[in-house]
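Along the sequence shown, residues carry numbers from 1.
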Amino acid sequence: MVAAMLVRSALPWVRRGSWRDAGRPSGAGRPSGAALRYRAPALLGAALALMLGCSGAAQAPPARAARVVKTPPAQPKAPEGPPLLPAHVIAELDDEDATPYLARRGDEALLLYAAGGRWRTRVLGADGAPRGEVIEAGPAAADVPVAALRATPQGYIAAWIEQAEGSRAVRVLSLDPAGKPVAPASLVAQTAEEITWLDVLPNAAGALVLWEMPRDGRVDVVMTVVAQGKGAASKPTAPASVAREVLGWHAVATERGAAVALVLPPAAQPPRAERKPARKADAEDAAEAGKLGSIALLEIDAAGKVSAPVAVSPEPTAQVDLEIAVVGGRYLLTWTDERDIDSAVYLAAVEPGGKVAVTPRQATPPSGEQALVSLVAPAEGGGRALLAWEDLLRARGGDREGGGAEARGAGRFIHLASVGPDGALSAERAALVFSASGPPDLAADGDGFAAVTLAPAALKADRGGTAAPPVWPTFVRFGPDLSVRAAEPVRAAPFAATDGVPYLVRGLSCHKGACATLASAAAGAGAQPGGAGRAGAAGARAPLALVSLPVRESAWRAPAFREDRDPPPRATAVRALAEGDHIARVAAAELDGGAALSAWVTYFVEGASDGAPRGQDLSATLAVRAASPGGLGKLNVLSQKASSLGGVAIAAAPPLPADPKGKGGAAPGESVLAWVARERGETQVYVTKVDATGAKIAQKKLTTAARKKPGGAPSEASDVAIAYDGAGGFIVAWVDTRDGNAEVYAARIDRALNRTAPDRRITNAPLDAAEVQIAVRGQEAWLVWSDARPAGDAAGGGAGGPSGEASGDVFLARLDAKTLQRIGDEARLHASPEHSRSPVLAPLEGGVVVGWVDEPAGESAPGGGAPAGGIARFVRLDNSGAAQGAPIAVAGPDGAAVSSVALACDKVCRGVLASAPGDSVVLNALTLSPGDAAAPSLKPLAWLTGSASQDVSPAFAGRSGASLFFADDSVSGSGRVRWMTIAWP
């Protein structure tokens, strides 16, 4: 029979995400202040590790998270009106945090709990009502950290760990169908060592009891065999070893005994004398890699005979969150894997006997870093299992229609899909809101599934409300296609003193389409507005109820939805291109056939890095990589002497025409990168030609300006930009301080990287220019940049700031694409008291569209200007550069600070706006159609794992907006370049 195993562990959770660089400092900070001039602040911090539950463990002591949902103590006012759920009070607990255990056996269930120093049992009927009186089952120790109760054909078996005076013991108790002890509890093992986890795996003859003992970051798995006959229980066998020094494990009961999935440590390293000396960072990498392992499977028969392990995934890339379930007669294994840059959820299937039927494969399309949440076995009789995972780069939970709850920290999305014995996930996907109180409780529900989660509790009629809803335990019943059958908060009459909301909810179980969960109140809880908290009274006991979770019409909004029906725009895949140092700038260019090239430059602060070998002059790293629907190309490091402030830009040229003799066909396309190298303390602009794979073909120095100035700071080159000129060459623009302050310069090169027009100074203003961007339209090159010149210093006029102070606005210049002579005067695109920075531009039929970020020049903007943190603005220019209407202002969701913008235009313009609500960055999609005057709506694409202070430098490849490249930090803090594909309407 299927029974619910309910355990409560006080052990800390195992963190999810990449192990690489865990615990390392975040590295050198990004340049700030005057060195960045008008850039967004970007002090880097390591991302917080995501914490979720697991089944096996690698730390000492190993950690497992119980499916316990605790109601937050401080709550807004509760909604009124909806009815409460049916419930029966079944016991009173000595301690509000005491753990009760429930196991189902046919139409009945048995409750096991400790009270008054005694174990007590009570049989419950199909409706949850108690049947008969409470039965005393024997003495209970004061400290029982872990216990388990499971149903067997003969009755029930309970096992627990008890701690007393430095000793650890495992005890087993056999119970008959009425909950009466067949014999006193048996002492199975007693030791002074740690025992941190225990499980009971029933079979036709009784059960196998398995427990784990930590050993210096690894664990030994030990077992005993419990035979359960009619009317009597034989003594459990002596403890026997199942596996030694494994990183993690998870077991499942079978008709023959049990199957145990293992995470095995990597092969032993050679003796230290045989290894080459390594840098400290290499040693840290090796230590973190040691927390990953390979996957193996072994079987145990009912008599306790252990088979030899069978290799399932030999690569030592698995995290310790391994889970196993029996699906369609096969063992289905799943875990979080780090064989690629991003961690991903993997699946494999094994036949009984050990034959691998489905080799390990990624369960879902790439979506950035993932973390396994749970694998739920199907209900008795077969069916499909449920896989639950979290994509760390996906939109967070909340009110998807109202749009307001996301900024109020409603939670995250747990993604759900059913999975069969072939390891293939269903096309139907659901998302469950999860408000960070522990993993949600999930169970099979007939042909569907059920969940209890922590989520905002709001009525369907309350759309658009401004007040944050209370966060309560809430159940959801899913159909076989993961559609929502029913959902409402867990509220019942026994908890009337706290608006019907219990203090703790745990132990979700379902049988024949009826689901229920255990719920308990805080001891002596009194009436408290808005929620269930601890009021506490000396000696007060906590009522325990079994709350039914029916399928019925509800006025409550469901914290779940069918995710596969989510309309575009939406991210369809996210992959990491590189991992290592933090990223300063990302650029991208579209190639033929849906491929793209992405280039990036890392952060490097002069004098702040000790990573360069003695005698070598290293700075930032410049790299490029191809990405296509067929996969990723080779990562090409072009230089380790790049300047972070120089940035990087890339432009693609069309393929060369066919050979004049008609042989060979068209040559493959080539691209040119513009970047800044730092050699012997000086910076110069370089151009590098690469092929479609990103491999270097040629490279030349573009500038040769004298940089060292007697008695003053050396001049610098920065902020490069490049565009194909449509006539076989390229136009490069950059910011240069060779003449004193920072001015915009441009030069033209041919396909062989030879200069065809000399360096030309474009601007001549008293203050600094920054962040130049370029686009070519026909015979003209259009440049935009941020300039701090005061009011009235250029065409376009307008106040640059209060009393004419310089604050920085976006300017436009049109150049003849051949001579680089300026066409007309420079134009200020928008005069405002805010500081305008980070411009982008994209050609559109009849002109261009320019976007930028406006942020307050001081603490706050005067007179209704940009909100603190800034907004984005977009303006359309006609063929003469004249603005077609006022710029459209787009604020971040709920006023969040906007940090950067990417823009691509074809028939319409598509943009991605990066903003920082709270302590992280979210990417939002927007669409601008010609003639739009109102601000477009935003839709979240992804919440990033890096800190809110990071400039993610988003860049589209091509005019369709289908490929976006950006920087982010992994959950462990290392820098990554990511590629996102986007489906647009």
Side-chain angles (χ1 to χ4, degrees), residues 36-42 719 765 767-773 783-791 793-794 796-812 826-842 848-877 883-903 909 911-917 921-924 926 928 932-938 948-954:
L36 279 175
R37 293 188 295 278
Y38 303 118
R39 293 172 176 79
D719 295 344
L767 295 178
D768 289 345
E771 300 178 305
V772 64
Q773 297 289 306
L783 274 63
V784 294
W785 67 94
S786 175
D787 204 310
R789 68 186 66 180
D793 193 68
S803 303
E805 296 178 0
S807 60
D809 289 325
V810 173
F811 282 75
L812 166 75
E826 301 165 355
R828 190 190 305 260
L829 297 186
H830 178 66
S832 70
E834 291 83 37
H835 166 59
S836 301
R837 61 168 180 83
S838 305
V840 293
L841 78 164
V848 300
V849 174
V850 181
W852 65 90
V853 175
D854 268 355
E855 61 185 13
E859 291 294 326
S860 60
I871 60 174
R873 295 190 194 274
F874 298 91
V875 64
R876 183 177 180 185
L877 310 179
Q884 302 298 291
I888 298 172
V890 183
D894 293 290
V898 175
S899 58
S900 52
V901 172
L903 186 66
C909 289
V912 167
L913 181 151
S915 61
V921 177
V922 61
L923 298 182
N924 294 276
L926 59 90
L928 288 168
D932 285 351
S937 59
L938 298 176
S949 61
Q950 183 183 26
D951 180 2
V952 300
S953 184

For Ser900, enumerate each residue passing the side chain to side chain donor-acceptor pair (under 3.5 Å) test, keeping only those at least two apart in sequence or located in another chain. none
Minimum heavy-atom distance Ala883-Leu877, with the two atoms named: CA-CD2, 3.7 Å
Can you name the nearest heavy-atom pair linking Asp854 to Ser832, along with the distance? OD2-OG, 3.7 Å
Spatial distance of atom CZ (Arg837) from atom CD (Glu771) [nearest 0.5 Å]: 7.0 Å
Which atoms form the tightest heavy-atom contact between Ala934 and Ile888, and what is the distance? O-CG2, 3.8 Å
Sole residue of His835, His830, Arg828 in side-chain hydrogen bond (donor to acceptor under 3.5 Å, both in side chains) with Asp809: Arg828
For Asp951, does its backbone N or O pair with a side-chain atom of Ser899 as donor and acceptor, under 3.5 Å? no
Report the distance from atom CD1 of Ile871 to atom OG of Ser915, rounding to the nearest 0.5 Å. 13.0 Å
Out of curiosity, Asp787 CG to Leu767 CG, how far, rounded to the nearest 0.5 Å? 7.5 Å
Can you name the nearest heavy-atom pair linking Val810 to Ser836, along with the distance? CG2-CB, 3.8 Å
Determine whether Trp852 and Val784 satisfy the following criterion, side-chain contact (heavy atoms from CB on, under 4.5 Å), listing intermediate values before the conclusion. CA-CA 10 Å; Trp852 65 90; Val784 294; over 6 Å; no
Correct closest heavy-atom pair for Leu913 and Gly892 would be CD2-CA, 4.4 Å
Minimum heavy-atom separation for Leu841 and Val850, please, with both atom names. CB-CG2, 4.0 Å
For side-chain contact (heavy atoms from CB on, under 4.5 Å), just list the numbers for Phe874 and Asp932, CA-CA rounded to whole Å, side-chain angles, deciding distance to a tenth of an Å, and then say yes or no. CA-CA 11 Å; Phe874 298 91; Asp932 285 351; over 6 Å; no
Interatomic spacing from CZ in Arg873 to CD in Glu834 - rounded to 0.5 Å: 5.5 Å
For Val921, which residues count as a side-chain contact (heavy atoms from CB on, under 4.5 Å) partner, sequence neighbours excluded? Ala914, Leu944, Val952
